[in-house]
Amino acid sequence: MLVDRYGRVATDLRVSLTDRCNLRCTYCMPEEGLAWLPRQDVLTDDEVVRLVRIAVERLGVREVRFTGGEPLLRRGLVDIVAACARLEPRPELSLTTNAVGLARVAGALADAGLDRVNGSLDTLRPDRFETLTHRRRLDDVLAGLAAAREAGLDPIKINAVLMRGVNDDEAPELLAWALEHGYELRFIEQMPLDAQHGWDRATMVTAEEILASLQTVFSLTPLGDVERGSAPAETWLVGGGPARVGVIASVTRPFCGSCDRTRLTAEGQVRNCLFAREESDLRGAMRSGADDAELARRWEVAMAGKAAGHGIDDPGFLQPSRPMSAIGG
Ligand code: SAM
Ligand code: SF4
């Protein structure tokens, strides 16, 4: 098992399949100038599947989420999903995606065994979409999400990040749209993970502000921590339910005490936290001939050293040197 010294057990694996992306969300990537990882440093499809297999068979991982960068840019995605769906015990398989191009592959992904999709969408206005992502792809995103629903990938959750002065007035509009389409919307507080290091605690849109904005239009009833478990979203019933909305208050109400995640970067480095400053190199060990038992042991050691919390509010906090796109969100 992947247990740390605080007794937390990691059962949820996030696998970054690429650091590349076809959007440039301002809270994640600079518009230009971010160098991609060299191809030979990125795990091959077989290497990804081997590490996922070790996590599932030997380390107690039960959920695997593919992310990036943009995981749909990974050519072998459908085959990787299919191989992971054949593992015993079969893990739950999900994908976090910006949904650009999802319309083309949603059916194949569902057939391969993908269970769920989280799409990311911060605005419904084409001009704002372009300001936020530096690309004009809103229609692609909407088509991709619709195709995922058609393909039976359920539930479809939508992640939205609000930025002050850009889209912080859009929370009620986004929720009305999500309810209309049967998507589960969750707002995520912006975290200091952008490659440009432009995050500012003082101007970040807080969970409290997001809820206040939603409550100008909707009545919200908290579902409370009982149902929250280790899921990072705190959930509210909208208009008495059954519709829901979530808020992931990673900064103002951290959930590190119940974190159950372990992460693998596209280069095959284990990270025990999004904000970790150290990584453990499984790719190097694997390419030097380490067997499954040795790789599992290294993964356990990497997780044992997980810090108690992300420490964003500590005076000595240092942003990780890798941006979110290279860690895997
Ligand atoms: N490209 C895919 C996507 O956008 O869904 C997967 C990777 S992306 C890094 C995963 C999630 O992280 C997205 O929902 C995105 O909005 C979120 N994200 C990226 N940078 C963030 C930041 N600085 N703070 C909070 N969430 C962030
Ligand atoms: Fe790309 Fe996702 Fe980062 Fe946006 S949040 S730039 S879609 S990796």
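Atoms within a ligand are numbered from 1 in the order they appear, just like the ligands themselves.
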Open item on the list: Parallel, tilted or perpendicular, judged at 30° and 60°: which one describes the rings of Tyr183 and His181?
Closed with: parallel

Open item on the list: Main chain of Asp19, side chain of Trp36: is a donor-acceptor contact present, judged purely on distance under 3.5 Å?
Closed with: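 Not confirmed, Trp36 side chain does not pair with Asp19 backbone.
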
Open item on the list: For Glu31, is there any backbone N or O sitting under 3.5 Å from a side-chain donor or acceptor partner on His134?
Closed with: no

Task: Nearest heavy-atom neighbours spanning Phe275 and His310 - done: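 Closest approach of Phe275 to His310, heavy atoms only: CD1-CB, 3.5 Å.
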
Open item on the list: Taking 2.8 Å as the limit, list every protein N, O or S atom around atom 4 (Fe) of ligand 2, by chain and residue number.
Closed with: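 Protein N, O or S atoms closer than 2.8 Å to atom 4 (Fe) of ligand 2: Cys25 SG.
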
- [ ] May I ask whether Gly68 places a heavy atom under 4.0 Å from ligand 2?
- [x] no

Task: Heavy atom of the protein closest to atom 8 (S) of ligand 1 (residue, atom name, distance) - done: Gly68 O, 4.4 Å

Open item on the list: Tell me the protein heavy atom at minimum distance from atom 27 (C) of ligand 1, and give that distance in Å.
Closed with: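 For atom 27 (C) of ligand 1, the nearest protein heavy atom comes out as Met324 CE, 3.6 Å.
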
- [ ] Compute whether any side-chain donor of one residue and acceptor of the other, for Ser94 and Arg65, lie under 3.5 angstrom apart.
- [x] yes

Hey, looking at [atom], which of [options] has the closest heavy atom?
| atom | options | answer |
| --- | --- | --- |
| atom 13 (C) of ligand 1 | Ala160, Ser120, Ala99 | Ser120 |
| atom 22 (C) of ligand 1 | Arg14, Arg186, Met191 | Met191 |
| atom 6 (C) of ligand 1 | Cys25, Ser250, Gly198, Gly69 | Gly69 |

Salt-bridge criterion met for [X] and [Y] (N-O under 4.0 Å):
| X | Y | answer |
| --- | --- | --- |
| Arg53 | Asp292 | yes |
| Arg271 | Glu278 | no |
| Arg39 | Asp41 | no |
| Asp281 | Arg298 | no |

Open item on the list: Evaluate Leu220 against Leu237 for side-chain contact (heavy atoms from CB on, under 4.5 Å), listing each step before the verdict.
Closed with: CA-CA 6 Å; Leu220 301 182; Leu237 291 178; over 6 Å; no

TODO: State, yes or no, whether a side-chain contact exists between Arg90 and Asp115 at a heavy-atom distance under 4.5 Å.
DONE: yes

Does [X], backbone or side chain, put an N or O under 3.5 Å from an N or O of ligand 1?
| X | answer |
| --- | --- |
| Cys28 | no |
| Cys21 | no |
| Asp194 | no |
| Glu70 | yes |
| Asn118 | no |

TODO: Would you give the length of the straight line joining atom OG1 of Thr96 to atom CD of Glu70, rounded to the nearest 0.5 angstrom?
DONE: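 It comes to 9.5 Å.
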
Atoms in ligand 1 flagged as close to [X], the criterion being non-hydrogen separation under 4.0 Å:
| X | answer |
| --- | --- |
| Thr67 | 6 (C), 7 (C) |
| Asn98 | 2 (C), 3 (C), 5 (O) |
| Asn159 | 14 (O) |
| Thr96 | 2 (C), 5 (O), 6 (C), 10 (C) |

TODO: Using a cut-off of 6.0 Å, state whether more than 12 heavy atoms not belonging to Arg5 lie near its atom CZ.
DONE: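 Yes, because the 6.0 Å sphere around CZ of Arg5 holds more than 12 heavy atoms from other groups.
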
Open item on the list: Taking only non-hydrogen atoms of Gly119, do any sit less than 4.0 angstrom from ligand 1?
Closed with: no

TODO: Report the part of Val161 (side chain from C-beta onward, or backbone N, CA, C, O) that has a heavy atom under 4.0 Å from ligand 1; answer both or neither where that applies.
DONE: side chain

TODO: Could you see which bit of Thr97 sits under 4.0 Å from ligand 1, with heavy atoms only: side chain, backbone, both or neither?
DONE: backbone

Task: Test applied, side chain to side chain contact (heavy atoms under 4.5 Å, CB included); reference residue, Glu170; option that passes from Asp168, Val166, Asn167 - done: Asn167

